[in-house]
There are 2 protein chains.
Amino acid sequence: MPARIADAPPLDRLDELCCSPLTDAPLSATEAAVLAPVLAALGDPVRLRLLSLVAAQGEVCSCNLEEPLERSQPTVSHHTRVLAEAGLIVGERRGKWMWWRVVPDRFALLRRLLGGA
Amino acid sequence: MPARIADAPPLDRLDELCCSPLTDAPLSATEAAVLAPVLAALGDPVRLRLLSLVAAQGEVCSCNLEEPLERSQPTVSHHTRVLAEAGLIVGERRGKWMWWRVVPDRFALLRRLLGGA
DNA sequence: CCTGTACATTGATGGCTGTCGATAGGATTC
DNA sequence: GAATCCTATCGACAGCCATCAATGTACAGG
């Protein structure tokens, strides 16, 4: 019986992670099931570039992502959703536009996981 | 035309990455194509646990991974291969056994990517 | 050389994923 | 309210992936 990503606990629980470095102690299956989707969200080249665009500019509108990413509007919307569900970015609607910015805490969590001092 | 992971440059080129933090400047498509597979390798719960087992123990034999991961031998072999191709672990054959250990440089690279000071 | 052990590879399978066209929702403006 | 613009969702499709049983390969000990 595969431990698919779909079986993972809700991502709302992400904040409850102890998240000590990988090198300290083996991850439990539950911790891994919560963390893996976050890293999987980073495991796509389009999302990496999307994220770097948002991070570098502080705040980016969805409509300004299609062109640099060379992807259709539905595809961009799909990727912003994945990143948002991973807690890596948050969106705020202002009028007709959707503005995205990164969530620095999530990156700090991942750096800690990767053994950052 | 999708920019699939399969289209990414060989992972041998991983060392050539400039890898400035995501927040500094948007990633090029090429940089993203090289980095994404590394993060994708981390985006699986079984591989995360495998990695933490290796990291926490310094060195682990393949035969000591099947039981804690609750996966068959071919599946464990598959995951070690993926992590090794991502440059996150290296294996060394000693007699009949295959010993795995982590590659700290890769983790430092990822921490830097994630905006580590 | 033969046997047993440890690991890698193959083949098959079900599920997941990235992509886009078409369509629907929601906000702004006239 | 109607038209317009931006975004989200749906449906479909092709490719990728995690998994395991079966098989192949390599090594150690008799």
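Chain naming here is simple, since letters A, B, ... match the order of the sequence lines and numbering starts at 1 in each.
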Just how far, in rounded Å, is [atom2] of [N] from [atom1] of [X]?
X: B/R71; N: D/dT19; atom1: CZ; atom2: P; answer: 5 Å
X: A/H79; N: C/dT19; atom1: NE2; atom2: C1'; answer: 8 Å
X: A/E92; N: D/dC6; atom1: CD; atom2: P; answer: 18 Å
X: B/E85; N: D/dC16; atom1: CD; atom2: P; answer: 15 Å
X: B/E70; N: D/dC20; atom1: CD; atom2: P; answer: 10 Å
X: A/L50; N: C/dT19; atom1: CG; atom2: P; answer: 11 Å
X: A/L65; N: C/dC20; atom1: CG; atom2: P; answer: 14 Å
X: A/L42; N: C/dG18; atom1: CG; atom2: P; answer: 12 Å

Taking every non-hydrogen atom, the tightest pair across B/A36 and A/D44: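 Residues B/A36 and A/D44, closest heavy atoms: CB-C, 3.7 Å.
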
Closest non-hydrogen atom pair between B/R49 and A/L27, with its separation: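 Reported closest heavy-atom pair: CG-O, 3.7 Å.
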
Given [options], the nucleotide with the shortest approach to the side chain of [X]:
X: B/V46; options: D/dT19, C/dC7, C/dT19; result: D/dT19
X: A/C61; options: C/dC20, D/dC20, D/dT7; result: D/dT7
X: B/K96; options: D/dA18, D/dC27, D/dT7; result: D/dC27

Roughly how far, to the nearest 0.5 Å, is [atom2] of [Y] from [atom1] of [X]?
X: A/L51; Y: B/L114; atom1: CG; atom2: CG; value: 9.0 Å
X: A/E70; Y: A/T75; atom1: CD; atom2: OG1; value: 12.5 Å
X: A/L22; Y: B/L50; atom1: CG; atom2: CG; value: 11.0 Å

Exercise: do A/T80 and A/S77 side chains pair donor with acceptor under 3.5 Å: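 On atom types as modelled, these side chains do not qualify, holding no pair under 3.5 Å.
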
Atom pairs and distances, donor-acceptor, side-chain atoms in residues 87-103 of chain B, under 3.5 Å, two or more places apart:
{"unit_1": "B/E92", "atom_1": "OE1", "unit_2": "B/R94", "atom_2": "NH2", "d": "3.4"}
{"unit_1": "B/E92", "atom_1": "OE1", "unit_2": "B/R101", "atom_2": "NH1", "d": "3.4"}
{"unit_1": "B/R93", "atom_1": "NE", "unit_2": "B/G95", "atom_2": "O", "d": "3.4"}
{"unit_1": "B/R94", "atom_1": "NH2", "unit_2": "B/E59", "atom_2": "OE1", "d": "3.4"}
{"unit_1": "B/R94", "atom_1": "NH2", "unit_2": "B/E59", "atom_2": "OE2", "d": "2.6"}
{"unit_1": "B/W100", "atom_1": "NE1", "unit_2": "B/S62", "atom_2": "OG", "d": "2.8"}

Which pairs, protein N/O on one side and nucleotides 8-10 of chain C N/O on the other, fall under 3.5 Å?
{"unit_1": "C/dA8", "atom_1": "OP2", "unit_2": "B/S77", "atom_2": "OG", "d": "3.0"}
{"unit_1": "C/dA8", "atom_1": "N7", "unit_2": "B/Q73", "atom_2": "NE2", "d": "2.7"}
{"unit_1": "C/dA8", "atom_1": "N6", "unit_2": "B/Q73", "atom_2": "OE1", "d": "3.0"}
{"unit_1": "C/dT9", "atom_1": "OP2", "unit_2": "B/R81", "atom_2": "NH2", "d": "2.8"}

Touch class at under 4.0 angstrom, heavy-atom based, for B/R47 against every strand present: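 Counting heavy atoms under 4.0 Å across all strands, the contact made by B/R47 is with sugar-phosphate only.
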
